[in-house]
Amino acid sequence: MAKMKQELPEPADIEMDAVSVGESSYAQKDWHYSYKWSRKLLQWGLETRGITPVPIRERVDTQYSKIFFIWLSCNFNILSFSAGTLGPVAFGLGLRDSCLVILFFNLLCSALPAYLTTWGPKLGLRQMCQARYSFGYFGVILPSVFNLCSMVGFCILNCILGGQTLSSISDGRLSWSVGIVVIAIISLLVSFCGYKVLGWYERLAWIPVLVVYLVALGVGGKHIENPTPVEPATAPAILSFAATIAGFVITYSPLASDFTIYYKHDVPSWKLFVYSYLGFNIPIILIQCLGAAVVLSAPFVPAWEAGYGEGNVGGLIEAMLQPTGNFGKFLTVLMALSVTGNVAPTLYSFCLSFQVFIPALSVIPRYMFSILATAVIIPVSIVGAHKFYDTLTNFLGLIGYWGSAFGAIVLAEHLAIRRGDFAAYDLRYWRDPRRLPTGLAALSACALACALIVPSMDQVWFVGPIARHTGDIGFELAFFATGLFYIPLRFLELRYRPLV
């Protein structure tokens, strides 16, 4: 059966890029050729492909290290630094406990998105399109909405941090709002251009950030201390911080394969996994640990404490760089711009999830949705700018739940239902709601898992009865409970609709 599926014709490629747009659908031709500006964009090599699968003949990219740099630059920024500060600031943990949580849970949770990146070359499908083979054509709309909200949330946090940091070097003369707009526009330009420009940008974006951190450590490292915690760490505090850390990295899962669909289909999966795993963990672990160490030392350094103010992470970085004078201000600008390395690929994936959310809009070129996302992100960032820490803690803790449940379902579908065989995915039906699963098994599994997740949540606005004793274990239960519920429900679903 698997052999027969491998011999099936490839899906029609109706959404080509500039090099072969003449073969595209009428709707795409209408967009690409009806306007002078769109024809010019095509001549410049702009990527227009959205969620249409990439045929094997077009999976030709062999620069596999690009995925390492995409994840490296995504996380080599000030947001990772600020996430590390949450251990001491929000959960009262000391440096040792914060670093141990950061190390262990990043190593654990990054394995899932790193593994999912290996699926792109095998199927040529964007991640949320691949999820149709478990959630169904209409069922996947719900996780797409959650994914859109998560990506917009990350973009907002990054824009706030970038705006804070740019404002800190002007002694308040440049408002946070102006800084937010600058960050959003730069990120829009990069994501607008598509895969090639994004890959080039992410290869370089981490270098100036590394220089900033090295200089900051060189001039401020002598002030870093390891003060004794006021109270010993408790299990609830550790697990709640762990849920926050998990939310930071596991939510890359719904966009993991978006950046690998152009790689050659026969690339060794282990190679992509290693590149991705290192791309996640090297920046996240190192910079989050640095954030925890610096924020614990801030009360003992008057300049740092003044710069930090009411949770102004950008001001803290600027205070660390003050001894270098005007050069320090230049480095602070580079640090502010570092968030574009995260916002740009997030906007890129936002476009794809939006097309899965409303399939009828898949005929509109991908880059148009970047403009829509930016129009949403800028005003919301400006409104929420002065409640950064509350926003960050609540957001990261909450999104980990759905990210875990999503990962469990696509993993169970692939390993338990399809036995890890990529030939079991019939790509002819990637957008056929009558052939794809109904999605009832996936959505029912998520609903049943909520009975365990909700009592295990520990949020500012709600603490479940289980979480009162254990801390937040919602993301762990989301993963295991959803996966266990899904497998029998999916086998039941297969009795009424065959596997495609």
Side-chain angles (χ1 to χ4, degrees), residues 6 10 13 16-17 19 45-47 49-77 106-107 109-130 190-191 193-207 209-210 249-286 341-342 344-349 352 366 407 410-411 414-415 420-423 425 427:
Q6 283 180 319
E10 294 176 349
D13 190 23
M16 309 290 281
D17 293 327
V19 292
L46 190 78
E47 183 196 13
R49 182 187 298 276
I51 59 174
T52 304
V54 179
I56 288 181
R57 67 178 179 273
E58 291 188 32
R59 296 178 222 161
V60 295
D61 193 350
T62 58
Q63 295 181 337
Y64 307 126
S65 62
K66 281 196 293 192
I67 193 62
F68 167 77
F69 290 106
I70 286 175
W71 300 133
L72 179 71
S73 292
C74 260
N75 297 290
F76 213 104
N77 55 38
N106 276 308
L107 290 174
C109 296
S110 62
L112 178 60
Y115 177 55
L116 293 180
T117 59
T118 67
W119 294 14
K122 306 302 181 186
L123 297 172
L125 287 171
R126 308 287 192 178
Q127 193 65 62
M128 295 308 292
C129 265
Q130 190 279 327
V190 176
S191 67
C193 296
Y195 175 76
K196 290 182 180 179
V197 173
L198 186 66
W200 170 83
Y201 182 78
E202 299 293 293
R203 276 186 179 273
L204 303 174
W206 64 277
I207 298 174
V209 189
L210 176 63
V249 68
I250 205 168
T251 43
Y252 281 110
S253 301
L255 50 96
S257 70
D258 290 353
F259 307 101
T260 58
I261 60 171
Y262 294 105
Y263 291 163
K264 291 191 68 174
H265 73 281
D266 57 354
V267 54
S269 293
W270 66 265
K271 183 177 291 187
L272 286 186
F273 178 84
V274 170
Y275 275 137
S276 298
Y277 194 67
L278 293 177
F280 284 122
N281 284 297
I282 289 175
I284 293 177
I285 292 174
L286 293 178
N342 185 285
T346 305
L347 287 176
Y348 178 87
S349 284
L352 309 172
R366 171 204 57 80
V410 296
L411 205 60
H414 183 67
L415 298 179
D421 184 8
F422 290 104
Y425 296 87
L427 299 183

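For this chain, numbers begin at 1 and follow the sequence in order. What you see below is based on every heavy atom in this structure, not just the backbone, and it leaves out hydrogens, waters and symmetry mates.
- Partners of Ser110 under the side chain to side chain donor-acceptor pair (under 3.5 Å) rule, at least two apart in sequence or in another chain, are Asn281.
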Worked verdict on Tyr275 versus Lys66 for side-chain contact (heavy atoms from CB on, under 4.5 Å): CA-CA 9 Å; Tyr275 275 137; Lys66 281 196 293 192; over 6 Å; no

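- Sorted by first and then second residue, the pairs that involve residues 111-123 and meet side-chain hydrogen bond (donor to acceptor under 3.5 Å, both in side chains), not counting sequence neighbours, are Thr117-Ser276.
- The one candidate from Leu72, Leu107, Asn75 that meets the side-chain contact (heavy atoms from CB on, under 4.5 Å) condition with Ile284 is Asn75.
- In this structure, CZ on Phe76 lies 4.5 Å from CG on Leu210, to the nearest 0.5 angstrom.
- Under the side chain to side chain contact (heavy atoms under 4.5 Å, CB included) criterion, Leu286 pairs with Ile282, sequence neighbours left out.
- A salt bridge links Arg49 with Glu58: at least one charged nitrogen is closer than 4.0 Å to a carboxylate oxygen.
- One distance of note links SG of Cys109 with CG of Asn106; it measures 7.5 Å at 0.5 Å rounding.
- Residues passing the side chain to side chain contact (heavy atoms under 4.5 Å, CB included) test with Val60: none are found, sequence neighbours excluded.
- Across all their heavy atoms, Ile51 and Arg126 have their closest contact at CA-CG, 4.0 Å.
- For the side chain to side chain contact (heavy atoms under 4.5 Å, CB included) test, residues two or more places apart in sequence or in another chain that qualify with Ser253 are Leu112, Pro113, Leu116, Ile250.
- Counting all heavy atoms, side chain and backbone alike, Ile261 lies closest to Gly124 at CG2-C, 3.9 Å.
- Interatomic distance, Arg366 CZ to Ser349 OG, rounded to the nearest 0.5 Å: 10.0 Å.
- Applying the ring pair (Phe, Tyr, Trp, His ring centres under 6.0 Å) rule to His265 yields no partners; only residues at least two apart in sequence or on another chain are considered.
- In terms of heavy atoms, Thr260 sits closest to Ala256 at OG1-O, 4.4 Å.
- Of all heavy-atom pairs spanning Lys264 and Thr62, the tightest one is CD-CG2, 3.3 Å.
- Partners of Phe259 according to the ring pair (Phe, Tyr, Trp, His ring centres under 6.0 Å) rule, which considers only residues two or more places apart in sequence or in another chain, are Trp71, Tyr348.
- With sequence neighbours left out, the side chain to side chain donor-acceptor pair (under 3.5 Å) criterion links Asn77 to no other residue.
- Across every non-hydrogen atom of Leu427 and Arg59, the tightest pair is CD1-NH2, 4.3 Å.
- With sequence neighbours excluded, the residues satisfying side chain to side chain donor-acceptor pair (under 3.5 Å) with Ser257 are Gln127.
- Considering only residues two or more places apart in sequence or on other chains, Tyr277 meets the ring pair (Phe, Tyr, Trp, His ring centres under 6.0 Å) condition with Phe273.
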What pairs of donor and acceptor atoms, side-chain ones from residues 199-206 against any protein atom, are under 3.5 angstrom apart with sequence neighbours left out?
unit_1, atom_1, unit_2, atom_2, d
Tyr201, OH, Thr340, OG1, 2.5
Arg203, NH2, Ser65, OG, 3.4
Trp206, NE1, Arg203, O, 2.8

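- Partners of Tyr263 according to the ring pair (Phe, Tyr, Trp, His ring centres under 6.0 Å) rule, which considers only residues two or more places apart in sequence or in another chain, are Tyr64.
- Taking SG of Cys74 as the start and CZ of Phe69 as the end, the distance is 13.5 Å to the nearest 0.5 Å.
- Distance CG/Leu278 to CD1/Ile67: 12.5 Å, rounded to 0.5 Å.
- No side-chain N or O of Tyr195 forms a donor-acceptor pair with one of Asp258 less than 3.5 Å apart.
- Between the CG atom in Leu198 and the SG atom in Cys193 there is a gap of 9.5 Å [rounded to 0.5 Å].
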